[in-house]
Amino acid sequence: MAGVKYVYYFGDGNADGDAGMKNLLGGKGANLAEMTNLNIPVPPGFTVTTEVCTYYYAHKKSYPKELKSQVESSIAKCEKVMGMKFGDVKNPLLLSVRSGARKSMPGMMETVLNIGLTSKTIPGLVAKTGNERFVYDAYRRLIQMYSDVVMEKAAGIEPKEDCGIRMQLEKELEALKERRHAKLDSDLTAADLKDLVEVYKKKIKKVLGKEFPDDAAAQLWGGIGAVFSSWNGRRAIEYRRIEGIPEEWGTAVNVQTMVFGNLGDSSATGVAFTRNPATGDAHFYGEWLTNAQGEDVVAGTRTPNPLNKVTKSDQTKHLKSLEESYPKLYKQLFDIRTRLERHFADMQDIEFTIQDGRLWMLQTRTGKRNGIAAVRMAVDMVNEGLISKEEAVMRVNPEQLTELLLPMISPKPEKLAKEFARGLPAGPGGGTGKIVLTADRAQAAKEKGEKVILVRAETSPEDVHGMHAAEAILTAKGGMTSHAALVARGWGKCCVVGCSALEIDTEKRTVRANGVTLKEGDFITMNGTTGRVYAGQLPLIPAEPDKNKYYKQIMTWADTFRKLGIRTNADSPVDAQRAVAFGAEGIGLCRTEHMFFGDDRIKAMREMILAATEADRKIALGKLLPLQRKDFFGIFMAMAGRPVTIRLLDPPLHEFLPNREELMVEIAKLEITSPKSPKLKSLRALLDRVQELHEFNPMLGMRGIRLGLTMPEITVMQVTAIMEAACDVAAKKKPVKPEIMIPLTGHTNEMHAAREICDATCKEVLKRRKMNVKYLIGTMIEVPRAAATADQIACDAEFFSFGTNDLTQMTFGYSRDDAGKFIKIYLEKKYLPEDPFQTLDTEGVGRLIEMAVKMGRYVRKDLHVGICGEHGGDPKSIEFCHNTGFNYVSCSPFRVPIARFAAAHAAIKEKAAAKEAKKSKCGCSK
Ligand code: PEP
Ligand code: MG
């Protein structure tokens, strides 16, 4: 029996794999195979599967025994195609080693180029190419990458920030350039580079205590091992955490014949997108460099040339494009671009190299794009007949829509502001914050609640945590395909790159541009749509997504697919109006307690709380009634007949009184300074009441329905205000749909009693006003006991709204206000897969919810079910709500578009799964 196949070859028009094998070959390997099968010129190579990665970690970092011979036979195939031999003295074949996970993780894992250069093979390659400078340049790059990736990172050495071996070697290179008065790397001679590699080797021996390996096979296996180790490196783990990529996936390793873009002036390398990844514009878009290796374009050490006319910007318009320099090659590349985009029916991110006038494709993958571009491309591709509307909706991640809702710099102040510097607009929207110059400091500042902008000469994968923490990213070097641009785009962050006027002094901690010096900690503001940077803090204003026709189109499609209704949590007419503009179809939660905090109200509220008798309390409540009525009237009008769920008072009363400790201090002071002051007497009375209301555990104390039942006059006042406001609206011949919601119910008797009070009050108002306004009475389900007895509670509730903030708190027994401290550790240690206060715990809390919905609908078939906890705006939780048969989700106004989209995703996924299930049941392929 043939053993397991661990290595998949591709080359010369034939590949073992194809694009459908991403799980096994990783995205890069699967697509290299696919391109090969499409007869697109790809340097021959092979992919070591992700199964080897799994094996490697399951077997103490060792390989399956079949691997070695499979690798060797694939190398032999490459040698045959290229007419060269790996490790050969005369005609050496060089290889690259690259990682490739299922989902692209730009720059997160490792690459080593020029493997196979040793003291034995170098003379042969020099003789063959007649280009000693090229060979030593390739060699110094190999040493730089290998020492960093294999000898340092894969060996688990964690140098201090900016002190890694790669950086130390880079400093040697810069020092040599300075000694030789060389501006660019390419100004160094072969002799310079020959000296440099000796300096490099000595430095490596000194810093890492090991010799750089002088054997081709040792280099290759070192590279392969390093890629597998990098899967569990700090950067990859951090990136996986942010992107939600499972650890079990593992990475594949791609080994490929080297082709050189740095062989001279007829060689080049480039990175391109089949459409503009920042705007979505359907033009071929990219950057290239002559006489360079691929990493030069992405690393941002040289600002690259534009690929074609449309890619030119103000900063790059003087540079020659590939279209101008090599029109024939550009045409060949353009044709490949069109074929790839049609073949994959999606925007591709491609890498190419031109070696001595011959074009080679090194990679194609689905290109990362920001939200604005994702929406535009999806709509355009439907119009071009490439994809269906469902596919278009699925192409946009709900969270990506936030970018269209992102704030931008207020235009007027921006017009007046003086530009500090200008770079390339890599990530749209506005960003303002304090300058920080290192990733660690950015993360620390974020943890303290500060808004920062990470400013770096260029970013590298080591900076990823700081980039994530920052509001925006600014780099001095690099183009639109640099690491900073790619990562920021993936996250939809404001980002400006290639801002060449910036002089960053990391020691003095300053940033200088155009004669102005700013210090770390000073504010800057960035416009990621134009690339402009300003000193100081400019105001940001909300975006206007409705002016974007692509956004409007895709939202319309999403709405036709979704089944869930989308409501909002709002407690003012302004919020309500904003939410309606975002597409809210009702209010799912109006928290009335927020209405008692205004200056005019808190006084009346305190009077009510301090009242000694029921009669006094009623007088105070009488003052609150018209204020509440006015609020509700405004909200009903703003919602124009859409349902409005108003929750009766929830928090404990002491929240409306002054702080106990502060009161004590004030009293103690007055006792010394003016013991006869009349104020002292009233303060003492206030303190007595505060002491009376003091609770050891207010979250579990006198709040919600308990408050409403022990002081029913509060319930009566609120319900009267709601119904009078509803009558006022109806009297204006306007539609109105009030829904009264009882908070924190735990027992059917509570619900029954609360319902009786509410019903009686509603009837009294309607009778007195001689009106007929339909209303609903329902409850929040926030206590596990309510979920467990949902059938009993549903007898008195016409609707359930799951208050998953409290339900999560009470199911886990985690205080929602204090859990942050240990949840962070729990997530790191993987005791919890996700923060249950952000994403619904479907296994535990979710099970209670499923049970409650089933039981509730068993006794009341038309029970209306929604969610109004924070989870109502979280896409994963929304999918759960869809699958559990909810009628609606309710979230904050800004998340309404995301919820609409997430609901559409859930419906489309369900339909696709049903189709899949049907297919597998009948065994047919259609
Ligand atoms: C909830 O508990 O989920 C809820 C919406 O109520 P609140 O957050 O006001 O307690
Ligand atoms: Mg609650």
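Here, residue 1 is the first one in the sequence, and each next residue gets the next number. Just so you know, ligand 1 is whichever comes first in the structure, and atom 1 is the first atom listed for that ligand.
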Near [X] [atom1], under 6.0 Å, is it more than 12 heavy atoms from other residues, nucleotides or ligands?
| X | atom1 | value |
| --- | --- | --- |
| Glu843 | CD | no |
| Tyr858 | OH | no |
| Arg785 | CZ | yes |

Does the residue [X] have a heavy-atom contact with ligand 1, meaning some pair of atoms that are separated by less than 4.0 Å?
| X | answer |
| --- | --- |
| Met780 | yes |
| Arg647 | yes |
| Glu870 | no |

Part of Thr804 with heavy atoms under 4.0 Å of ligand 1, whether side chain, backbone, both or neither: backbone
Atom indices of ligand 1, in the order listed, that fall short of 4.0 Å to a heavy atom of [X]:
| X | value |
| --- | --- |
| Gly803 | 1 (C), 2 (O), 3 (O) |
| Arg816 | 2 (O), 7 (P), 8 (O), 10 (O) |
| Cys868 | 5 (C) |
| Leu589 | 5 (C) |

Does any N or O atom in Glu593 lie less than 3.5 angstrom from one in ligand 1, N or O only? no
Is the centre of the Phe837 ring less than 6.0 Å from the centre of the His871 ring? no
Using ring centroids (six-membered ring only for Trp), state whether His882 and Phe886 fall under 6.0 Å. no
Check this for me, if you would: do Arg606 and Glu655 make a salt bridge, where the nitrogen-to-carboxylate-oxygen distance has to be below 4.0 angstrom? no
Would you mind checking if Glu764 and Arg769 are paired as a salt bridge, meaning a charged N to carboxylate O distance below 4.0 Å? no
To the nearest 10°, how many degrees is the angle Asp806 OD2 to the Mg ion (ligand 2) to Glu782 OE1? 100°
